[in-house]
2 protein chains.
Amino acid sequence: MGEQLTTLHALAEPNRFHIVELLRVGPLTVGEIADSLKLRQPQVSKHLRVLSDSGLVEVQPIANRRIYKLQSQPFLELEEWLDTFRNIWEDRFDRLDEYLKDMK
Amino acid sequence: MGEQLTTLHALAEPNRFHIVELLRVGPLTVGEIADSLKLRQPQVSKHLRVLSDSGLVEVQPIANRRIYKLQSQPFLELEEWLDTFRNIWEDRFDRLDEYLKDMK
DNA sequence: AAGGAATATTCTTGTAAGGGAATATTTAAA
DNA sequence: TTTAAATATTCCCTTACAAGAATATTCCTT
């Protein structure tokens, strides 16, 4: 799977999306996330695993706690990908007429 | 579901992702997409349905063909969402030390 | 050393969703 | 007005995956 697909897949799950939204405020422990989102701890750990595998978050172990924080790279790469569409909105389209004429 | 989640969900499926990548070159019919990606027509139609429902593509019916083309808005909105993370990479993080000190 | 917190992992189950095959629908062409 | 082409839809099956519950692991505290 391409990098973007991995990132998209991780972000597309509602609870993971919420976790990411929550982490934008600052790093949090598993328990804090679970409390905030009213999720059970195991599910949070599992979602964090996916986010971690996809590179979207990073762990910092402190004693028996684990502090998760967002990682910029996947976000920046996804934005770069989206950026490659910019030319398209300006140039190529809105010339549908000509394309249709050729098809006829 | 929020707009971004809808967009992410639609893009996160590999075949739909490929369809989007293909459509960036220009508008295409269902058959052309099926041929290019070596997918069966019904599956392509089904994926296009999801992409259409999420606003990522638009249909233009011509005779018994249907020409699909990308729609800029969801892409732009997703990029805007990603853009709201920019401040985060610069400011808040990389001060994890202080946060940890407070937790102790 | 023992007990308790915080987190991760495993197993099971239920469900959403994609693929395959068949069929319906629409439109052009003969 | 039949026939064929392009596309959409439906039904069935299978698989991926998220939730729940229980358990394992790690580290602190006493």
Side-chain angles (χ1 to χ4, degrees), chain A residues 1-2 5-23 27-54 56-69 96 99-104, chain B residues 1-2 5-23 27-54 56-69 96 99-104:
Chain A
M1 213 164 28
L5 257 174
T6 306
T7 304
L8 289 168
H9 172 261
L11 289 173
E13 203 282 328
N15 285 324
R16 285 196 291 269
F17 185 86
H18 292 140
I19 291 176
V20 166
E21 282 291 350
L22 194 59
L23 285 178
L28 290 174
T29 68
V30 178
E32 290 169 334
I33 296 171
D35 288 350
S36 294
L37 302 184
K38 317 245 172 143
L39 296 175
R40 302 173 196 280
Q41 174 266 316
Q43 332 301 337
V44 173
S45 284
K46 280 185 270 189
H47 283 310
L48 285 169
R49 182 84 148 89
V50 176
L51 291 171
S52 182
D53 286 349
S54 71
L56 280 161
V57 302
E58 202 194 24
V59 203
Q60 168 123 8
I62 295 291
N64 58 348
R65 316 200 173 182
R66 298 200 161 204
I67 299 173
Y68 285 86
K69 70 168 183 175
L96 189 55
Y99 177 78
L100 297 179
K101 194 168 52 190
D102 294 353
M103 279 199 74
K104 189 55 191 309
Chain B
M1 209 163 34
L5 256 173
T6 307
T7 304
L8 289 169
H9 172 260
L11 288 174
E13 204 281 328
N15 284 324
R16 285 195 292 269
F17 185 87
H18 292 141
I19 291 176
V20 167
E21 283 291 350
L22 194 60
L23 284 178
L28 290 174
T29 67
V30 178
E32 290 169 333
I33 296 172
D35 289 349
S36 293
L37 302 185
K38 315 246 172 146
L39 296 175
R40 302 174 196 280
Q41 176 268 315
Q43 331 302 337
V44 173
S45 283
K46 281 185 269 189
H47 284 308
L48 285 168
R49 184 82 149 87
V50 176
L51 290 171
S52 182
D53 286 349
S54 71
L56 281 161
V57 302
E58 203 194 24
V59 204
Q60 167 122 9
I62 295 291
N64 58 347
R65 316 197 174 183
R66 297 199 159 203
I67 300 173
Y68 285 86
K69 70 168 183 174
L96 188 55
Y99 178 77
L100 297 179
K101 195 166 51 189
D102 295 353
M103 278 199 75
K104 190 56 190 311

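In what follows, every heavy atom counts, from backbone to side chain, and hydrogens, waters and symmetry copies are set aside.
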#### Entry: B:Gln43 or A:Ala63, whichever maps to the more 5' nucleotide of DNA chain D
B:Gln43
### Message
So, OP1 or OP2 of C:dG19: does either fall under 4.0 Å of a side-chain N or O from B:His47?
### Response
yes
### Task
Check whether any side-chain heavy atom of B:Gln43 lies under 4.5 Å from a side-chain heavy atom of B:Asn15, and answer yes or no.
no
## Note on the structure
A:Lys46 atom NZ is separated from D:dA21 atom P, nearest whole Å, by 11 Å
### Message
Could you tell me how far apart B:Arg65 (CZ) and C:dT26 (P) are, to the nearest whole angstrom?
### Response
19 Å
#### Entry: B:Asn64 (side chain) and D:dA5 (base): donor-acceptor pair under 3.5 Å
yes
### Query
Under 4.0 Å between a side-chain N or O of B:Arg16 and OP1 or OP2 of C:dG18?
yes
### Task
May I have the distance from A:Gln41 (atom CD) to D:dA19 (atom P), rounded to whole angstrom?
13 Å
### Between A:Glu32 and A:Ser36, a side-chain donor and acceptor under 3.5 Å
no
### Message
Taking any heavy-atom pair under 4.0 Å as a contact, classify B:Pro61: base, sugar-phosphate, or nothing.
### Response
nothing
### Query
Between A:Arg40 and D:dG20, is there a side-chain N or O to OP1/OP2 distance below 4.0 Å?
yes
### Query
Whole Å only: how far is the CG atom of B:Asn15 from the C1' atom of C:dA17?
13 Å
